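Data block below; observations after.
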Amino acid sequence: MARHRRVSLSEKFASYYGNLRGLLLGSNLSGRRATPQENLFPEEAQLTSFKKDKESKEEGQLKPKSVDLNRYLNRLAHRTKEYEIPNLLLRRGQAFDLSIIFDRTFSRQDDTIVLKFVTGSQPRQSKGTVVPVKMDTNLNNSQWGYQLLSAEDRKVNLKVMTAHDAIVGRYHLFVETTHVTEDGTIEKYRYRHNDDVYILFNPWCQEDPVFLEEETQRQEYVLKETGRIWLGTVGKFCVRPWNFGQFDDICLIAALAILEKSELGDQARGNPIYVVRQMSKVINNNERDGGVLLGNWSGKYDDGVAPYAWNGSSAILEEFYKKRKGVKYGQCWTFAAVATTVFRSLGIPTRCVTSFKAAHDSDYSSPMDAYWTLDGKPRKSSDDAIWDFHVWNESWFRRPDLPPGYDGWQAFDVTPQECLEGVFTCGPCSVKGIRQGELYYGFDAKFLFAEVNGDRVHWIVDSDGNMTPVAKETGIMGRCISTKAVSTISREDLTNAYKFSEGSKEENDTIAKAEQFCSRHSLDIEPTKEDITFTFSGDATRVGDFTAILDMENTSDIQRVVNVYMCATSCRYTGIPVNEIKDTSTTSILEPYTKDMVTITAKCADFINSIDAESHVNIYVMATVKETGQRFVKHEALWVEKPHLELKTEGSAHVGKLFDVAIKLVNPLSVPLTGGYINMEGPGMQRVATVKVKKSIAPGEEIRETIQLKPRRLGRKEIIASFQCKQVCDVTGVTEVDVVEDTKG
């Protein structure tokens with residue numbers, strides 16, 4: 001009976017890559033690029049001499065019988081032991097050990113060993129995708145080489161060094177031997193190892209462009225599997241825990257598939273600048289080319305998963321892997337979180353960064369505009385969008401393509417933007433370059449600069465479409481730029497890394513420099529007499545009610561008449577209005593040196609069920625002094641403080657065994673919560689189905705649920721849960737559990 005050869009894990013991966021390439025690029029590539037007619041690196045043992053083997057003597061071809069990659073110790077030394085992929089994963093520029101057992105005794109005098117590491121779809125030594133590794137007495141990570149540590153009978157032990165600029169990706173390992181016989185005949189043999197080897201970037205290697213000096217930062221931005229992403233608005237942050245899960249088996253496989261789909265040339269796959277730029281384009285899915293995640297800000301997600309329902313990147317990448325098409329749906333923080341996972345899995349230090357009040361879809365060629373009618377009402381649908389918050393990424397690497405001094409954190413934005421060239425991705429761009437207004441330093445600096453700098457100009461539009469600028473808000477973009485602090489769950493403020501202090505000479509000089517490289521021009525507003533002091537305040541309470549107040553004080557000795565319009569509208573975090581909730585118009589007569597106020601309030605029950613869960617309240621205010629023409633304009637977002645899930649586990653968890661996570665939620669709103677469901681996950685945990693909350697939750701009512709998880713990996717793990725319903729979303733909770741071996745098993 002014929003014996004069927006067992007298909008290796010590496011072959012399954014290779015089959016997946018081949019299928020993915022055909023599906024994503026199209027099966028007929030004829031005419032698009034040259035199709036190789038011959039394999040310049042034959043994998044079979046075609047180098048064997050014609051001389052027959054001499055079985056009676058230990059002479060002739062030197063044939064490897066097995067190769068031991070010492071996976072456990074090498075993965076431990078290379079800080080890759082957490083990856084669930086069982087193959088050998090190496091960080092480039094760092095040595096590793098391997099052993100080879102031959103079919104006969106190795107002769108130092110007559111036998112030569114050459115290792116060949118082969119990567120890419122068309123491997124060629126001239127392209128650097130076939131790397132011959134020869135014996136070298138002095139190993140250094142500027143080039144590949146190996147040392148012969150010992151030769152004991154048929155076993156040899158080697159120490160192999162990879163180059164610090166090696167191509168990142170999946171390699172086949174070949175062992176080539178050459179034997180010189182007594183009569184001078186050269187006999188060769190080529191052996192292919194069954195398991196592939198993966199080479200990653202190395203932040204611990206000083207010569208690698210991604211080298212990061214501080215060990216605490218390497219732990220945080222490369223090895224940390226969970227994190228925090230800041231959402232919400234200035235003064236009322238909403239913190240989303242996130243499971244990056246970069247060591248889950250699917251994440252590295254998906255990352256390499258994304259790298260393949262990016263069509264980045266093999267030789268460029270060792271350069272973090274090009275890797276980040278090209279792969280970022282594939283993380284977002286748009287009309288021009290397929291990608292991992294489809295963006296959706298409509299509030300309608302019935303044919304997919306709502307962006308706020310995801311808790312981690314692994315589930316998104318797994319769906320992309322299985323269906324091989326864009327996953328529905330994501331928004332800016334999910335795009336950024338998936339990018340963090342992908343690049344950390346490849347070894348590039350990466351983090352999520354949030355800017356509050358961000359100008360999106362802008363290249364800094366003009367200020368952001370808002371429009372009002374003659375009677376002081378907002379024309380909301382015509383406004384340029386200023387997002388309450390926007391999340392992008394930073395990765396750490398050197399920039400030899402820029403002048404000295406621009407190494408370090410490089411910003412890039414994987415959320416698709418509408419720009420002059422259509423939908424595309426921004427960056428990477430030096431954060432220092434953004435701060436200094438160097439808009440000509442690639443890539444796409446002007447778009448990232450616009451996200452954290454700029455003004456908003458308010459215009460009165462008459463019935464004929466004529467516009468008059470009446471007010472300008474300066475310095476409103478780029479507030480409280482945030483990321484997770486190293487080794488804690490607190491917020492680190494990065495605002496000073498992106499921009500100089502508001503109103504400083506350095507800031508004014510930077511803005512002036514930036515305006516030289518775009519078509520932007522300063523706009524002056526005709527001054528008016530200002531003798532009314534306006535102060536706006538507003539807040540949404542924990543129970544869901546909101547109040548907005550405009551205080552006015554007449555500082556003159558003359559009576560003033562002030563016309564005030566205030567309205568409350570439900571809006572998305574992108575600034576797009578959804579429904580009008582309430583408005584008020586009033587005229588206040590202010591006697592000399594007197595005060596007055598205008599208030600708009602609403603109960604949660606009056607509006608919460610007419611808007612979707614991810615909307616919040618925006619307040620628009622226009623006040624006009626009749627006698628002087630003085631105007632006060634305000635557009636402010638009010639976010640309800642989110643409740644929290646309380647998570648609890650008992651004792652330790654065991655690998656491969658179910659354990660319970662208890663969840664408690666108290667409804668703080670003054671209305672019932674309906675249509676609720678809970679999602680839960682953690683790094684190295686088997687995924688569980690969404691849990692539907694069977695009944696509505698009354699105001700002040702407490703509910704409890706228990707969900708079981710099964711861990712796959714050892715260590716201390718964070719468990720992340722989220723609750724969503726018709727009224728609220730982004731309700732999250734976190735707990736930790738120690739996963740240990742099941743000693744009883």
Side-chain angles (χ1 to χ4, degrees), residues 231-236 238 297-301 306 308 356-357 370-373 375-389 456 458 534-551 563-588 597-624 632-643 667-675 696 699 724-731:
L231 316 180
T233 189
V234 176
K236 189 163 285 187
C238 169
W297 288 264
S298 69
K300 299 176 181 178
Y301 313 118
Y308 49 77
F356 294 93
K357 295 296 183 185
Y371 304 98
W372 302 76
T373 63
D375 55 353
K377 296 182 179 180
R379 302 182 64 156
K380 298 182 286 290
S381 61
S382 302
D383 291 353
D384 293 335
I386 298 178
W387 294 23
D388 291 338
F389 65 88
R456 176 162 54 190
H458 296 268
F534 294 98
T535 305
F536 174 84
S537 60
D539 193 21
T541 65
R542 186 172 175 80
V543 298
D545 305 339
F546 71 83
T547 301
I549 301 171
L550 179 65
D551 288 299
N563 296 314
V564 179
Y565 177 80
M566 298 178 69
C567 73
T569 302
S570 67
C571 290
R572 310 207 185 282
Y573 83 93
T574 56
I576 303 301
V578 181
N579 296 316
E580 187 163 306
I581 298 172
K582 191 175 185 179
D583 70 343
T584 182
S585 295
T586 186
T587 299
S588 294
M597 70 168 60
V598 178
T599 304
I600 185 170
T601 63
K603 295 291 185 182
C604 180
D606 297 336
F607 67 90
I608 194 71
N609 288 312
S610 63
I611 65 176
D612 54 52
E614 58 186 328
S615 295
H616 57 276
V617 176
N618 273 23
I619 304 295
Y620 294 80
V621 180
M622 170 74 84
T624 306
F632 174 82
V633 180
K634 194 71 174 179
H635 179 188
E636 193 74 21
L638 306 181
W639 283 60
V640 174
E641 183 179 343
K642 305 286 185 179
N667 176 14
L669 299 183
S670 58
V671 297
L673 302 180
T674 58
S696 63
Q724 298 84 32
C725 65
K726 185 181 183 300
Q727 292 75 22
V728 294
C729 63
D730 294 321
V731 178

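Predicted model, so just to flag it, every value in this text is computed and none were measured.
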[X] versus [Y], closest heavy-atom pair with distance:
X: Trp387; Y: Thr574; result: CD1-O, 3.4 Å
X: Ser615; Y: Arg572; result: OG-NH1, 3.6 Å
X: Ala613; Y: Cys729; result: O-SG, 3.7 Å
X: Glu580; Y: Tyr565; result: OE2-OH, 4.1 Å
X: Trp639; Y: Lys236; result: O-CD, 2.7 Å
X: Thr569; Y: Pro577; result: CG2-CB, 3.9 Å

**Prompt:** Is it true that Asp612 and Lys300 have a side-chain N and a carboxylate O under 4.0 angstrom from each other?
**Reply:** no

Mind checking the [atom1]-[atom2] spacing from [X] to [Y]? Nearest 0.5 Å is all I need.
X: Met622; Y: Ser585; atom1: CE; atom2: OG; result: 12.0 Å
X: Met597; Y: Thr586; atom1: CE; atom2: OG1; result: 12.5 Å
X: Ile600; Y: Ile581; atom1: CD1; atom2: CD1; result: 8.5 Å
X: Ile576; Y: Cys571; atom1: CD1; atom2: SG; result: 8.0 Å
X: Cys604; Y: Asn609; atom1: SG; atom2: CG; result: 7.5 Å
X: Leu669; Y: Cys725; atom1: CG; atom2: SG; result: 7.5 Å

**Request:** Determine, step by step, whether Glu636 and Thr233 satisfy the side chain to side chain contact (heavy atoms under 4.5 Å, CB included) criterion, reporting the C-alpha distance in whole Å, the side-chain angles of both residues, the deciding distance to 0.1 Å, and the verdict.
**Result:** CA-CA 10 Å; Glu636 193 74 21; Thr233 189; 5.5 Å; no

Using a 4.5 Å cut-off on heavy atoms from C-beta on, say whether the side chain of [Y] contacts that of [X].
X: Lys357; Y: Asp388; answer: yes
X: Ser670; Y: Asp545; answer: yes
X: Val578; Y: Ile611; answer: no
X: Val728; Y: Val640; answer: no
X: Thr547; Y: Thr599; answer: yes
X: Thr601; Y: Lys582; answer: yes
X: Pro643; Y: Asn667; answer: no
X: Pro699; Y: Pro672; answer: yes

**Sub-6.0 Å ring centroid separation between Phe607 and Phe546** = yes

**Prompt:** Counting distance only, does the side-chain N/O of Asn579 pair as donor-acceptor with the main-chain N or O of Ser610 below 3.5 Å?
**Reply:**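 Yes; judged by distance alone, with no hydrogens or angles, the pair exists.
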
**Message:** Taking Thr373's backbone N and O only, do any of them form a donor-acceptor pair with Arg379's side chain (distance below 3.5 Å, no angle check)?
**Reply:** no

**Message:** Below 30° counts as parallel, above 60° as perpendicular, anything between as tilted: where do the rings of Tyr620 and His635 land?
**Reply:**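 If you compare the ring of Tyr620 with that of His635, the planes turn out parallel.
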
**Request:** Look at the rings of Phe389 and Tyr573 and say which category their plane angle falls in: under 30° parallel, 30 to 60° tilted, over 60° perpendicular.
**Result:**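 Plane angle under 30°, so parallel.
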
**Prompt:** Which residues satisfy the side-chain hydrogen bond (donor to acceptor under 3.5 Å, both in side chains) test with Thr674, sequence neighbours excluded?
**Reply:** Gln727

**Request:** Would you please test Phe534 and Val621 for side chain to side chain contact (heavy atoms under 4.5 Å, CB included) and show each step?
**Result:** CA-CA 11 Å; Phe534 294 98; Val621 180; over 6 Å; no

